[in-house]
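One structure is given here, and the rest of the page talks about it.
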Amino acid sequence: MCEGQVNVSQREILKSRSGSREQRRSSPTQTMQRPGKGKTPRRPGPKKTANVDKDPVGVYCRIRPLGGEDEECCVEMISSSTIQLHAPDGLKANRNGEYKETQYSFKKVFGINTSQIELFEDIAKPLVEDLIHCKNGLLFTYGVTGSGKTFTMTGSPGEGGLLPRSLDMLFNSVGPFQAKRFVFKPDDKNGLEIQSQVDALLERQKRDSQQSVPKTPSSRQKADPEFADMISSEEACKCESVDDDCCYSVFVSYIEIYNNYIYDLLEETPYDPIRPKPPQSKILREDQNHNMYVAGCTEVEVKSTEEAFEVFWKGQKKRRIANTQLNRESSRSHSVFTVKLAQAPLDADGDHILQDKNQVNVSQLCLVDLAGSERTSRTRAEGSRLREAGNINQSLMNLRTCIEVLRENQMCGTNKMVPYRDSKLTHLFKNYFDGEGKVRMVVCVNPKADDYEETMLVMRFAEMTQEVEVARPVDRPICGLAAGRRYRNQAFKDELSRRLEERGGPSNGDDPALMNRLIESLPALPSSELVDPADDQTLPRLIEVLERRHRVRQMMAEQFNNTATSLKSTLQQFDSQLNAKDTFLHEQRSKLNEKDKLILSQRSEIERLEKKSKTLEYKIDILQKTTDMYEHDKRSLQQELETREQRLQKELSERKRMEQRMQGMVSDTKLKWEKECERRVTAKQLEMQNKLWVKDEKLKQLKAIVTESSSSNGGGGSSSGPEKPERPSRERDRNAAQKRSASPSPHPTAPPVHLRQRRSHSASGEKWVDHKPASNLDLDTVMQPIIPNAITVSTPNEKALSKCHKYVLRHQELASDGEIETKLIKGNVFRSRGGGQAVQFTDIETLKQECPTGPSRKRRSGSAEGAAPVDDIENRVPVSNTSYQKRRKP
């Protein structure tokens, strides 16, 4: 009976403690107890203003080591943010015969000796911190095939890449604050539902009972040995600024984009060895917040780094890779590993998750390993490999086009439509470029000379991507509950247990020592043995003792309630003071954070300007050296040009002297031969004239003989005989011989004959168009047609014809005797009906020049009158006969 009383009192004490706890839990914030859905990572409802802060896309460059020491290198790291590309040997030079060297700048350049942990610290660690702070992120690797993209993203045993290190940092940060499994549940619409503890427990029991259903990978299973040793314990890191008043859950998904189709690498498909079922492609959908997601994609909840590695390795085994000429394990698809972090605040007591859907945030980090661009001429791809390469290059080209349009819209102020829908890759990440989180790109470069041309294209795309700006993600609203609820609740429990222990009360109902101590503090029970049925004292004494014990219990309960109430009021006062201090500290911290951000932005701006200044100084030095080189070349070329001009002038003067000398020799030779020809012609003419004279004399004698014989026969004879012809006097022959023996003079001694010519009818007071073709020859005659008030043209035109009334054309042609004959064709100018000018020809004048020494075409008959004295041609007077003929045109 005593034990029953003790148990009753214990239950009452525990009930009072639970009642006080329930009173503390009944806060105004717990009005909605229904399970709600978690928010997807989306911007707030109101539209963004024009003055939203923007950050450029962070582009980094990583140079992989060469495969062999004898390979030619075409990439050189100049500084921590600049690389230079050299054209390899055998490549065509530019027009100047020089090889062009180009420089490209990045946010940071990682050389061949950069470790994976250094790469993670600068690139992925800020993205993981933003993920914990409810901000989205996109990180993808880009480059030529075989440039080290998969190694950068995944890594190898002992050298974990960006993906495993990001997962390790995430679980090291939120591991102690994770919610139980199935508290957050995907709703297949890119959202999360929050379940109560009971529903989550039922889900866990259902999963454990249904063995046929594939289980979610558990951390108790043995991890893959390749990933177990990727990250050493010394390289582990965590985020210090984690909100400990929230509960977290991590979900992962893994997809690939192959030939512009989306496949789920974590999808469970039943194995059929007879008729294997091909994987089904997924489609993209848009949720209620206009976010793009893969419909029906498997999202696995993971609770540790090893479990996440196991899920990743499970999907990695299904990814499509192939052996090509350039890469032994070439990725034939774009892989997207998405880490989704759901977080919800605790209630006011810090015991359970606050089931208010407006206070639940979901952020995600996409780690993308893009397939490398390749040329089929180098990979020698055929069949399916050729189709894969074409789809890979097409999707990368669409990504490049979207970046170009974004850059043009931002720099030129245009509003062109960005073609996101042309490719599944760009369509899936449309929200990131619209301002849903940070975007970072790692450009992987293979420095070997064979990849020079492809590397140039990659560098140009990277340089263009840096000019695209993405809206900076806004901070999520902070929960209105007091900070430090989890630790205060735990401290309250510890303090309550301590005080109960000090007062001797039970701090734990299951502790038998505390129960015995509580029983001993009550009044002792008297002996309750009944010997006599008529005993009237034992029972009253027992009842009196029990009543006293009951009063003691009531007093203890009242004391406990009073103590709990005072403690509660004290705690509430402390809470209010602490809330006020927290509010003040939060305001001060917000101001300090703003100042820190301002200082950081100014520092980053100063660093950027310093880097830009250094880059510009380096470029100025290069340009100065180039200018000096060009000036030196210019001076040398000018000197060479002056030397050649002097040599040319010397050669021209020498040539002129030679031409003058040759002309003198030619003129002397010509004059000599002309004199010789004239002498020979004169001698021949004299010889022929003598022969003609001899023949004439013989003919005269013969005629005289014939005349004499006819007269003697007819007249009977005449007393007077025929007269003997007399030979001409030898005096004339001697004079002629003397004249012929005289040496010919080079120039005629007779005075020139001034020929007269009738004045042309064209010389009138009217205005003429004198059409003199350029092909006409200058005859050097004394009489020339002179036309006053004439416009001389080589080709008639409408402008000249409109100013004159008469028209004359000088036409030259060869006459029958071999001389040049000039015709003046005249006409009247009048306006035509079409508004132009026309000519009507009315007259033709002919100008002809004859040589007096030319041979006569008719042979003279021999007679006494015809035997005229013949003089030397050199002594004759030259006579110029210019005939004038005029005829009318019908």
* Short side-chain to backbone donor-acceptor contact, H805 and N828, under 3.5 Å -> no
* To do: Mind running side-chain contact (heavy atoms from CB on, under 4.5 Å) on V75 and I63 for me, showing each step along the way?
  => CA-CA 8 Å; V75 179; I63 306 173; 4.0 Å; yes
* Asked: Are side-chain heavy atoms of I78 and I83 found at a separation under 4.5 Å?
  -> no
* To do: With V468 as reference, evaluate M411, R407, E408 under the side-chain contact (heavy atoms from CB on, under 4.5 Å) test and give the passing residue.
  => R407
* Measuring from Q466:CD to S105:OG, what's the distance to the nearest 0.5 Å? -> 7.5 Å
* To do: Report yes or no: does T465 contribute a side-chain atom to a donor-acceptor pair with the main-chain N or O of F461 at less than 3.5 Å?
  => yes
* **Worked verdict on E651 versus R655 for salt bridge (charged side-chain N to carboxylate O under 4.0 Å, His left out)** => CA-CA 6 Å; E651 291 178 356; R655 182 177 178 182; over 6 Å; no
* Asked: Under the 3.5 angstrom rule, does the side chain of E467 hit a backbone N or O of E404 as a donor-acceptor pair?
  -> no
* In terms of side-chain geometry, is the basic nitrogen of K650 or E654 positioned less than 4.0 Å from the acidic oxygen of its partner? -> no
* Point-to-point distance, once rounded to the nearest 0.5 Å, from CD of Q663 to NZ of K656 -> 12.0 Å
* Between H771 and S794, which heavy-atom pair has the shortest distance, and what is it? -> NE2-O, 3.2 Å
* Do E766 and K806 pass the salt bridge (charged side-chain N to carboxylate O under 4.0 Å, His left out) test, and can you show the C-alpha distance, the side-chain angles, and the key distance before you say yes or no? -> CA-CA 7 Å; E766 297 176 343; K806 296 291 185 177; 3.8 Å; yes
* To do: Please step through side-chain contact (heavy atoms from CB on, under 4.5 Å) for the pair T102 and M456, ending with a clear verdict.
  => CA-CA 9 Å; T102 54; M456 285 282 291; 3.8 Å; yes
* Structure fact -> Closest non-hydrogen atoms of V443 and A462, given as atom of the first, atom of the second and distance, are CG2-CB, 3.7 Å
* Asked: Heavy-atom distance under 4.5 Å between the side chains of K772 and V793, does that happen here?
  -> no
* D451 side chain to E454 backbone, donor-acceptor under 3.5 Å -> no
* **Minimal non-hydrogen separation, V829 against L801, with atom names** => CG1-O, 3.6 Å
* Structure fact -> d(Q689 CD, K684 NZ) to nearest 0.5 Å is 13.0 Å
* From M688 CE over to W693 CH2, what is the distance, rounded to the nearest 0.5 angstrom? -> 16.0 Å
* Asked: Hey, which of T822, N776, D770 is the one that makes side-chain hydrogen bond (donor to acceptor under 3.5 Å, both in side chains) with R810?
  -> D770
* **Inter-residue atom distance T615.OG1 - K612.NZ, 0.5 Å rounding** => 9.5 Å
* Asked: Is the shortest heavy-atom distance from the side chain of P419 to the side chain of V405 under 4.5 Å?
  -> yes
* Got I844 and L824 here, is their nearest side-chain heavy-atom distance under 4.5 Å? -> no
* Chi angles and distances behind the salt bridge (charged side-chain N to carboxylate O under 4.0 Å, His left out) call for E845, K823 -> CA-CA 6 Å; E845 293 183 9; K823 292 184 179 181; over 6 Å; no
* How about E101 and Q84: does a side-chain donor come under 3.5 Å of a side-chain acceptor? -> yes
* **side-chain contact (heavy atoms from CB on, under 4.5 Å) between I791 and C804, intermediate numbers included** => CA-CA 8 Å; I791 300 176; C804 302; 3.7 Å; yes
* Indicate yes or no: at least one non-hydrogen side-chain atom of L809 is less than 4.5 angstrom from one of P773. => yes
* At their closest point, which heavy atom of W768 faces which heavy atom of P788, and how far apart are they? -> CD1-O, 4.5 Å
* Would you sort out whether R680 and E676 count as a salt bridge (charged side-chain N to carboxylate O under 4.0 Å, His left out), showing the intermediate values? => CA-CA 6 Å; R680 291 183 182 181; E676 182 66 22; 3.0 Å; yes
* Taking every non-hydrogen atom, the tightest pair across N446 and G146 -> ND2-O, 3.4 Å
* Side-chain contact, heavy-atom cut-off 4.5 Å: C73 with L66? -> yes
* Kindly determine whether V109 and T82 satisfy side-chain contact (heavy atoms from CB on, under 4.5 Å), including the steps that lead there. => CA-CA 7 Å; V109 178; T82 308; 5.9 Å; no
* To do: Kindly give the heavy-atom pair with the smallest separation between A449 and C74, and that separation in Å.
  => CA-SG, 4.1 Å
* Are Y807 and K826 close enough that some pair of their side-chain heavy atoms sits under 4.5 Å apart? -> no
* Would you mind reporting whether R831 and Q837 have side-chain heavy atoms less than 4.5 Å apart? => yes
* Counting heavy atoms not belonging to Q840, are there more than 12 under 6.0 Å from its CD? -> no
* Nearest-0.5 Å distance that lies between atom OG in S653 and atom CE in M658 -> 12.0 Å
